[in-house]
Structure formats: structure tokens, C-alpha cells
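Quantities reported herein were computed from a predicted structural model and do not represent experimental measurements.
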Amino acid sequence: MKSLSEIRRAELRRAAFAVLQQQGMAGATLEKVAAQAGASKGIVLHYFRNKQEVFEHAMREANAQLMESIVLRMRQARSPQERLFAIIDGNFAEHFFQPSVCQGWLSLCAAVPHDKTLARIQRVIHARMRSNLVSALKDLVAAKDIEATALGITTLIDGLWLRRSLQGERFTRREALEQMEDYVRARTGLALGLADAFRQASP
């Protein structure tokens, strides 16, 4: 069972990421995080040393939410092709691939070159993504093409998240999945059915 301290820290992490979605890094303050969490600034500073630490944990929170959507899908995968589908589809989960979430992510990424801790967290995120993709791709493409294909998938995902953050509702999840489907088919010859799955799930 989680302690009260762990529960409170989790609430503050979620509040910090919510503020990032609304205000971006430049507009985010400890006062706004406290208000979002229904707490005082003093409470925030009781659990975190400063603003920098709060938003480092916000980045971890964002990644944890993203990984949860991927892991839930990967648990149901029964083949390398299904694992690849799970990884890609999880990165565009409907509850997560929202303009505000993408904007919060972009705000954190913009701070990475200037913050060693955020940079370290980002390296861990990318390493985990690479590991998952390589594991799925090793039985789907030639060994010499695995790394380039994994990098291409990761780069395209990042680019589509950027497009969603900048264009908002004008760039849709369906369009993102169609772009991913086209790339995977061009690199591997596989049809993952990403766009088909979206259509089947849509009213």
C-alpha cells in the first residue's frame, strides 16, 4: 500500500504536468501547481526542493502515463507484429494523443538541452523505446535494417507529436496512424492495420 507521502507526491506530479499542458514551461509556476493540486506552495516545497525538481517529476509522470498505455497493449500481443502494433498504437492512445498533452511534452522537451536531469530522463525514455522496437523488429526485418527502422519509427512518432501540439485538432489521430502505417509498410512490407483498427473503433 502506498504511503500518504507517495500519494501526495503523485498528485503533485500530475498537477505539474497539467499546468505544463495549460501554461508551458515559461508560464508554469509553483503557485499554479499548488492551485491545480488544491494545495499551498508550501506543501509543494515540502515534497519537492524547487520548481526544477517538480517539473523533472512531471516529465517522469508524463512518461509513466505513456508507458502504461503501451504496456497494456503489449500484454495482449502474441507475435512480433502485434508487439510492433502495440508500441505504435500506444504512442497515439486517444486519451493521451491530445493537443494539450502534446504541448506539455513539447514544453518539457524544449528544456532538455538546458537541464541535465531532464536530458538524462529523456535518454532513458528513448533507450526504452529503442529496446521495445528492436525486440519487436528483430523477427520482422533484416538484422542490418533493425536500428534504422527503429530510429525512423521513433523519429516519426516525435514529429507527429510535434505536429499535433502545433496544429491541435486540425491534425487528427487518424492522420497520425495513417502516416505510421505508410512508413512501416514502406520499411518492412508489413500492413499493421493501424488505420483499420482506428476505423473499427470509431462510431
Side-chain angles (χ1 to χ4, degrees), residues 2 6 9-25 28 33 36 53-77 82-112 115 117-137 149-169 171-181 183-184 192 194-195 197-198 201:
K2 290 184 178 180
E6 290 173 322
R9 285 172 68 88
E11 291 172 347
L12 292 171
R13 287 197 302 270
R14 289 192 292 270
F17 189 60
V19 170
L20 279 174
Q21 294 176 49
Q22 300 159 10
Q23 306 288 334
M25 186 69 85
V33 172
Q36 180 72 29
E53 187 177 40
V54 172
F55 290 107
E56 287 168 3
H57 281 267
M59 189 173 199
R60 291 190 174 95
E61 175 66 23
N63 183 56
Q65 291 181 28
L66 178 59
M67 285 307 301
E68 182 180 1
S69 73
I70 294 172
V71 168
L72 286 173
R73 288 163 171 78
M74 289 187 72
R75 285 175 180 164
Q76 301 174 35
E82 288 180 359
R83 286 199 296 273
L84 183 58
F85 177 103
I87 295 165
I88 295 173
D89 189 60
N91 273 277
F92 298 96
E94 190 166 5
H95 72 285
F96 208 67
F97 190 60
Q98 297 294 330
S100 62
V101 177
C102 293
Q103 288 157 11
W105 166 82
L106 182 61
S107 182
L108 284 168
C109 287
V112 164
D115 188 307
T117 301
L118 290 180
R120 184 170 64 252
I121 296 170
Q122 187 78 331
R123 285 195 297 271
V124 170
I125 293 169
H126 283 166
R128 186 181 294 120
M129 173 70 83
R130 175 196 166 277
S131 176
N132 287 336
L133 286 170
V134 167
S135 177
L137 289 166
T149 304
L151 178 60
I153 290 172
T154 303
T155 302
L156 184 54
I157 289 171
D158 287 347
L160 293 170
W161 270 63
L162 173 62
R163 178 63 62 89
R164 179 72 157 166
S165 72
L166 296 176
Q167 292 193 349
E169 298 295 344
F171 182 70
T172 67
R173 176 172 174 259
R174 177 173 177 172
E175 289 175 302
L177 291 175
E178 287 174 344
Q179 290 294 316
M180 293 303 308
E181 184 76 30
Y183 178 79
V184 171
L192 294 183
L194 289 160
F198 174 82

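I87 and A136 make their closest contact through CD1-CB, 4.2 Å (heavy atoms, listed as atom of the first residue, atom of the second, distance). Residue V19 comes nearest to A28 through the heavy atom pair CG1-CB, 3.8 Å, listed as atom of the first residue, atom of the second, then distance. Residue A58 comes nearest to A16 through the heavy atom pair CB-CB, 3.8 Å, listed as atom of the first residue, atom of the second, then distance.
Looking at heavy atoms from C-beta onward, R83 lies out of side-chain contact with N132 at the 4.5 angstrom threshold. D158 places a side-chain heavy atom less than 4.5 Å from the side chain of H126. In this structure, M180 and I153 have side chains that are in contact, with non-hydrogen atoms separated by less than 4.5 Å. Side chains of F55 and V33 form a contact here, defined as non-hydrogen atoms less than 4.5 Å apart. Contact annotation: the side chain of L108 approaches that of L20 to within less than 4.5 Å [non-hydrogen atoms, C-beta and beyond]. A heavy-atom distance below 4.5 Å is found between the side chains of R164 and E169. The shortest distance between side-chain heavy atoms of Q36 and Q22 falls below 4.5 Å.
Atom CZ of residue R120 and atom CD1 of residue I125 lie 12.0 Å apart, to the nearest 0.5 angstrom. Taking CG of N91 as the reference point, atom CD1 of I157 lies at 4.0 Å (rounded to 0.5 Å). Rounded to the nearest 0.5 angstrom, F17 CZ and L12 CG are separated by 15.5 Å. R9 CZ to E6 CD: the interatomic distance, rounded to the nearest 0.5 Å, is 9.0 Å. Between the CG atom of L151 and the CG atom of L133 there is a distance of 10.0 Å, given to the nearest 0.5 Å. Rounded to the nearest 0.5 angstrom, E175 CD and L160 CG are separated by 10.0 Å.
Proximity of a side-chain donor or acceptor of T154 to a complementary backbone N or O of A150 within less than 3.5 Å is detected. Using modelled atom types, one side-chain atom of S69 and one backbone atom of L66 make a donor-acceptor pair closer than 3.5 Å. With hydrogens and angles ignored, the 3.5 Å screen pairs no side-chain donor or acceptor of W105 with any backbone N or O of S165.
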Donor-acceptor pairs under 3.5 Å, side chain of residues 95-102 to any protein atom, not counting sequence neighbours: which ones?
residue : atom : partner : partner atom : Å
Q98     : NE2  : E94     : O            : 2.5
S100    : OG   : Q21     : OE1          : 3.1

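For residues 53-67, every residue pair satisfying the salt bridge (charged side-chain N to carboxylate O under 4.0 Å, His left out) rule, not counting sequence neighbours, is listed here: R13-E61, R49-E53.
A salt bridge does not link E68 with R73: none of the charged nitrogens is closer than 4.0 Å to a carboxylate oxygen.
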